[in-house]
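Each remark here refers to the structure printed beneath this line.
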Amino acid sequence: MPKGYWVSVYRTISDPEKLAAYNKLAAPAVKAGGGRVLVRGGGVVAHDAGIAERTVLIEFDSFEQAVAARESAAYQEALLVLSDAVERDFRIVEGID
């Protein structure tokens, strides 16, 4: 069964305090949903139309598990806290294995 991944690339962060509050709620929600953080922040080298801002990559055992974690009540609560603090490209993608 192919794994599922959350890929978040932040274009802008306008309120770091809201982002920190989101992180406190999102981390346990992701863990409860079976997610494992592979990348969070760190160095970024952007090419083409890329933006060298915060990047997050989270792995789940399946695509369905990744979708369910995003839809969970706990993660939805985290999103409410995040609100307009960031502009990001968030995708759930299916792995090839």
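These numbers come from the heavy atoms of this one structure, side chains and all, not from hydrogens, waters or symmetry mates. These figures come from a predicted structure and were not determined experimentally. Throughout, residue positions are numbered sequentially from 1 according to the sequence presented.
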Is there a path of hydrophobic side-chain contacts, each under 4.5 Å between heavy atoms of I/L/V/M/F/W/Y residues, joining [Y] to [X]?
X	Y	answer
Val7	Ile51	no
Val37	Tyr75	yes
Leu57	Val93	yes
Val9	Val56	no

Gap between atom [atom2] of [Y] and atom [atom1] of [X] - 0.5 Å precision:
X	Y	atom1	atom2	answer
Ile58	Ser8	CD1	OG	6.5 Å
Asp89	Thr55	CG	OG1	10.0 Å
Glu87	Thr12	CD	OG1	4.5 Å

**OP:** Give every residue pair that meets the salt bridge (charged side-chain N to carboxylate O under 4.0 Å, His left out) criterion with at least one member in residues 36-45, sequence neighbours excluded.
**Re:** Arg36-Glu59, Arg36-Asp61
**OP:** Determine which pairs satisfy salt bridge (charged side-chain N to carboxylate O under 4.0 Å, His left out) with at least one residue from residues 12-30, sequence neighbours left out, and list them in order.
**Re:** Lys18-Asp84
Can you give me every donor-acceptor pair (side chain of residues 26-34, partner residue at least two apart or in another chain, under 3.5 Å) with its distance?
none

Original post:
Could you give all pairs that pass the side-chain hydrogen bond (donor to acceptor under 3.5 Å, both in side chains) test and reach residues 62-73, with sequence neighbours left out?
Top reply: none
Original post:
Which residue pairs pass the ring-ring contact (aromatic ring centres under 6.0 Å, His included) test with at least one member in residues 78-97, sequence neighbours excluded?
Top reply: Trp6-Phe90
Subject >> Partner set under side-chain contact (heavy atoms from CB on, under 4.5 Å) for Leu19, not counting sequence neighbours >> reply: Tyr10, Ile13, Tyr22, Asn23, Arg54, Leu82, Val86
Original post:
Side-chain contact, heavy-atom cut-off 4.5 Å: Tyr5 with Leu38?
Top reply: yes
